Amino acid sequence: MNLIPDLEILDELDVPRLTVRECEGARKVYIETYGCQMNVSDSEIVAAILQAHGFGLTRNPEEADVVLLNTCAIRENAEQKVRHRLDVFRAHKRKRRPGLQIGILGCMAERLRHKLLEQEQLVDLVVGPDAYRDLPRLLEEAEATGQAAVNVQLSREETYADIAPVRYDSNGVTAYVSIMRGCDNMCAFCVVPFTRGRERSRPVQSILDECTRLVEEGYREVTVLGQNVNSYRYVAEGTVVTFPELLYRISQISPELRVRYSTSHPKDCSDELLYVHRECHNVCNYIHLPVQHGNTEVLRRMRRTYTREQYLALVERARRIVPGIALSTDVIAGFCGETEAEHQDTLSLLEQVRFDHAYMFLYSERPGTYAARKYKDDVPLEVKKRRLQEIIELQTRISLENNRKEIGRVHTVLIEGPGKRGPDQLCGRTDTNKMVVFERQTFHPGEYVLVRITDCTSATLFGEPLGRTTLAEAARLEAGRV
Ligand code: SAH
Ligand code: SF4
Ligand code: F3S
């Protein structure tokens, strides 16, 4: 995607279907979302709140009365992207639509607060992640006073549990369900605890109800979300429900509902959780387990609370309890004080674990974090880039090698929608979260199909569909093979 799309070309981008009814005569809101899955889920909550107050939603920013950017602050370049988009919308407001209200939501709003108003003139709204219920009032206030309205209050309780998200951007097959908010971990590099506040878990029943509704609406997969889902904890009727228990209960809603989650912190990935993967056929055999670095001393500086050896032992345990489980990770290159030898440890860890996929980042200092206050961001940019490049090249090779081993195997794929290369193709994911592209034939999104893998790149598998199946049937076949 072009970093700075014009309003004109924005319409031609890969803008998903809008499934909500547009309210006649109502003010129309256009929402653009940056950052993680949690932000996607939050935008659905924002849409629900605004729709309940009579606003319409539009996917065409040209006809919007309100433009909301739901922002990310995780790295400097995430914020730059938003500032570029703001330039575009402000120019649009000046030249063509003086009544347009522009709002900044999410993590950047929370991090910069009033500073945003000084830095970015012509912004009407600055709203943090815990203040979305206040949006209708804030929009009204900004309109009435002609002044910017701000609410960046963080909360210890807000989970938006009672709000049914409006899935305006949905493929109708897979959905995110937020189960907790905030983070108490304070990893040295990370801005999230500052932008999202304290950790809190959403009531169990509201999660189960939302997942049940999704199944009734025809959804086939939920990904439950939290910054650190392993620390989910909710006391209901005197009993404590932890994450493995929650996951188990979600899996029991329907044998045809696939369940995934993100993100799980390695420090508290329990055996109990691994057994839920093993025992429940519809809990996917895939864990995103961010390691961040391969060197124990760097992990200590990052305040990740585990060592390289403990992480490797966890991988070993996961693979022993759940044979064939797929793993992905996050890696940061060029953290404060990283030596060449420490960087080599990240490479050797990647070699050793052989992740199926990795998200790889340059360290970006975030103001106010422990690292920004205590350490020097002293790895030169050129060195950071070279190290990141080495990490990317290695992981791309490993992903390709892992994918090549898939050729000839048969996977159960949940079809999500059309493939990128045209209407004759469909794409969907394996249980192990690999994207598979295959011929459409007579298949449809939402169906489970057995697909034999015939080819691959480092990021995608290609295959031939063998026929429809159900999750339960595929699990029986799998059990028969073992
Ligand atoms: N809660 C998740 C991570 C959320 S942020 C977890 O703990 O696993 C997603 C990823 O962004 C992190 O895993 C980390 O790899 C990366 N990240 C966070 N802060 C960063 C920074 N300051 N610079 C570069 N990458 C960062
Ligand atoms: Fe950030 Fe660490 Fe919390 Fe993840 S666990 S959101 S990396 S502080
Ligand atoms: Fe970004 Fe906030 Fe998510 S900083 S990664 S949008 S929690």
Side-chain angles (χ1 to χ4, degrees), residues 32-43 46 69-82 104-112 128-130 152 154 176 178-200 225-232 261-269 287-294 298-299 301-306 311 314 327-336 338 346 355 357-373 375 377 379 381 384-385 387-388 391 395:
E32 208 165 277
T33 307
Y34 295 85
C36 62
Q37 298 161 333
M38 195 68 101
N39 254 14
V40 174
S41 169
D42 278 5
S43 288
V46 166
L69 301 185
N70 193 2
T71 63
C72 174
I74 200 83
R75 285 168 290 275
E76 173 71 27
N77 60 4
E79 294 197 357
Q80 285 308 337
K81 223 189 273 182
V82 169
I104 308 184
L105 318 183
C107 292
M108 202 174 154
E110 192 63 51
R111 189 178 86 74
L112 292 164
D130 286 347
V152 286
L154 286 172
Y176 295 133
S178 175
I179 62 163
M180 56 200 297
R181 299 181 74 80
C183 182
D184 287 349
N185 279 330
M186 291 289 179
C187 301
F189 49 80
C190 184
V191 77
V192 171
F194 303 94
T195 63
R196 295 254 161 190
R198 299 304 299 268
E199 188 176 283
R200 64 221 101 114
L225 299 179
Q227 292 303 340
N228 177 16
V229 289
N230 289 340
S231 56
Y232 177 89
Y261 58 85
S262 188
T263 300
S264 85
H265 195 298
K267 77 178 158 62
D268 42 18
C269 180
I287 311 185
H288 182 60
L289 206 55
V291 66
Q292 313 298 0
H293 207 275
V298 178
L299 288 169
R301 290 206 292 280
M302 288 179 160
R303 304 177 113 196
R304 286 292 285 183
T305 72
Y306 51 84
Y311 186 90
L314 169 60
L327 298 173
S328 64
T329 201
D330 292 347
V331 180
I332 298 178
F335 186 61
C336 309
E338 185 191 62
T346 292
F355 292 103
H357 181 70
Y359 299 91
M360 301 159 278
F361 309 107
L362 281 186
Y363 172 60
S364 164
E365 184 175 85
R366 309 313 290 135
T369 55
Y370 186 86
R373 287 184 283 115
Y375 311 138
D377 182 13
V379 179
L381 185 60
K384 280 185 188 172
K385 283 187 178 163
R387 290 180 185 168
L388 179 64
I391 290 171
Q395 183 54 45

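Heads up: numbering here begins at 1 and tracks the sequence. Quick note: numbers below take in every heavy atom, side chains included, and nothing from hydrogens, waters or symmetry partners. In listed order, ligands and their atoms are each counted from 1. Predicted model only: the values in this text are computed from it and were never measured.
In V192, the part holding a heavy atom less than 4.0 Å from any atom of ligand 2 is the side chain. Heavy atoms from both the backbone and the side chain of Q227 come within less than 4.0 Å of ligand 1. If you look at I74 next to ligand 1, the close heavy atoms, those under 4.0 Å, come from the backbone and the side chain alike. Contacts of R304 with ligand 1, taken as heavy-atom pairs under 4.0 Å, involve the side chain alone. Residue Q292 touches ligand 1 through its side chain alone, judged by heavy-atom distances below 4.0 Å. Contacts between P193 and ligand 2, counted as non-hydrogen atom pairs separated by less than 4.0 Å, involve the side chain only. For F361, every heavy-atom contact with ligand 1 shorter than 4.0 Å involves the side chain, none the backbone. Using a 4.0 Å cut-off between heavy atoms, M38 makes no contact with ligand 3 at all. Contacts between R304 and ligand 2 below 4.0 angstrom, taking non-hydrogen atoms only, involve the side chain exclusively.
Between L362 and L381, the closest side-chain pair of non-hydrogen atoms falls below 4.5 Å. The closest side-chain heavy-atom distance from Y363 to V379 is not below 4.5 Å. In this structure, R196 and C183 have side chains that are not in contact, with every pair of non-hydrogen atoms separated by 4.5 Å or more. Using a 4.5 Å heavy-atom cutoff, the side chains of F361 and S364 are not in contact. Between V191 and C107, the closest side-chain pair of non-hydrogen atoms is not below 4.5 Å. Looking at Q227 and E199, their side chains never come closer than 4.5 Å, going by heavy atoms from C-beta outward.
Remark: Y176 OH to C36 SG distance equals 9.5 Å, nearest 0.5 Å.
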**Message:** What verdict does the salt bridge (Lys or Arg N to Asp or Glu O under 4.0 Å) test give for K384 and D377, after you've listed the backbone C-alpha separation in whole Å, the side-chain angles of each residue and the deciding distance to 0.1 Å?
**Reply:** CA-CA 11 Å; K384 280 185 188 172; D377 182 13; 2.9 Å; yes

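If you number the atoms of ligand 1 from 1 as listed, the ones under 4.0 Å from a heavy atom of L362 come out as 23 (N), 24 (C). For ligand 3 and C72, the ligand atoms under 4.0 Å from any heavy atom of the residue are 1 (Fe), 4 (S), 5 (S), 6 (S). Atom numbering of ligand 2 starts at 1 in the shown order; those under 4.0 Å from a heavy atom of C183 are 3 (Fe), 5 (S), 6 (S), 8 (S). With ligand atoms numbered from 1 in the order given, ligand 1 contributes 22 (N) to contacts under 4.0 Å with heavy atoms of R366. Of all atoms in ligand 3, numbered sequentially from 1 with element shown, those under 4.0 Å from a heavy atom of C36 are 3 (Fe), 5 (S), 6 (S), 7 (S). Near Q227, meaning under 4.0 Å from any of its heavy atoms, are these atoms of ligand 3: 7 (S). Taking every non-hydrogen atom of H265 and a distance limit under 4.0 Å, the qualifying atoms of ligand 2 come out as 5 (S). Taking every heavy atom of P290 and a limit of under 4.0 angstrom, the matching atoms of ligand 1 come to 8 (O). Annotation for ligand 3: atoms under 4.0 Å from non-hydrogen atoms of N39 are 6 (S). The M186 neighbourhood of ligand 2 comprises atoms 8 (S), with distances under 4.0 Å to a heavy atom of that residue.
Y311 places a side-chain N or O within 3.5 Å of a backbone atom of L289 that can act as its donor or acceptor partner. In this structure a side-chain-to-backbone donor-acceptor pair under 3.5 Å is missing from Y306 to L299. With D268 contributing its side chain and N230 its backbone, the two residues share no donor-acceptor pair below 3.5 Å. Using a distance-only test at 3.5 Å, with no hydrogens or angles considered, no donor-acceptor pair links the side chain of Y232 to the main chain of G226. Listed for the T71 side chain is a donor-acceptor partner under 3.5 Å among the backbone atoms of M108. Between the side chain of R303 and the backbone N or O of Y370, no donor-acceptor pair lies under 3.5 Å.
Between R111 and ligand 3 there is no heavy-atom distance shorter than 4.0 Å. Ligand 1 is approached by I332 to a heavy-atom distance shorter than 4.0 Å. Ligand 3 has no atom lying under 4.0 Å from any heavy atom of G106.
Taking a cutoff of 4.0 Å between a charged side-chain nitrogen and a carboxylate oxygen, E32 and K81 do not qualify as a salt bridge. Note on D42 versus R181: salt bridge recorded, some NZ/NE/NH1/NH2 to OD/OE distance being below 4.0 Å.
Aromatic ring pairs are classed by plane angle as parallel below 30°, tilted from 30° to 60° and perpendicular above 60°; the pair Y359 and H357 is perpendicular.
Using a cut-off of 2.8 Å, one finds that C187 contributes an N/O/S atom close to atom 2 (Fe) of ligand 2. For atom 3 (Fe) of ligand 3, the set of nearby N, O or S atoms under 2.8 Å includes none belonging to C107.
Donor-acceptor pairing under 3.5 Å is lacking for the side chains of S41 and S178.
Among all non-hydrogen protein atoms, the one lying nearest atom 9 (C) of ligand 1 is D330 OD2, 3.7 Å. The protein non-hydrogen atom at the shortest distance from atom 5 (S) of ligand 2 is N185 ND2, 3.3 Å. Looking from atom 19 (N) of ligand 1 to the surrounding protein, the closest heavy atom is F189 CD1, 3.3 Å. Protein heavy atom at the shortest distance from atom 1 (Fe) of ligand 2 is C190 SG, 2.3 Å. The protein non-hydrogen atom at the shortest distance from atom 4 (S) of ligand 3 is A73 N, 3.3 Å. Ranking the protein heavy atoms by distance from atom 23 (N) of ligand 1 puts S364 N, 3.0 Å first.
Looking at ligand 1, you'll find an N or O of R75 within less than 3.5 Å of one of its N or O atoms.
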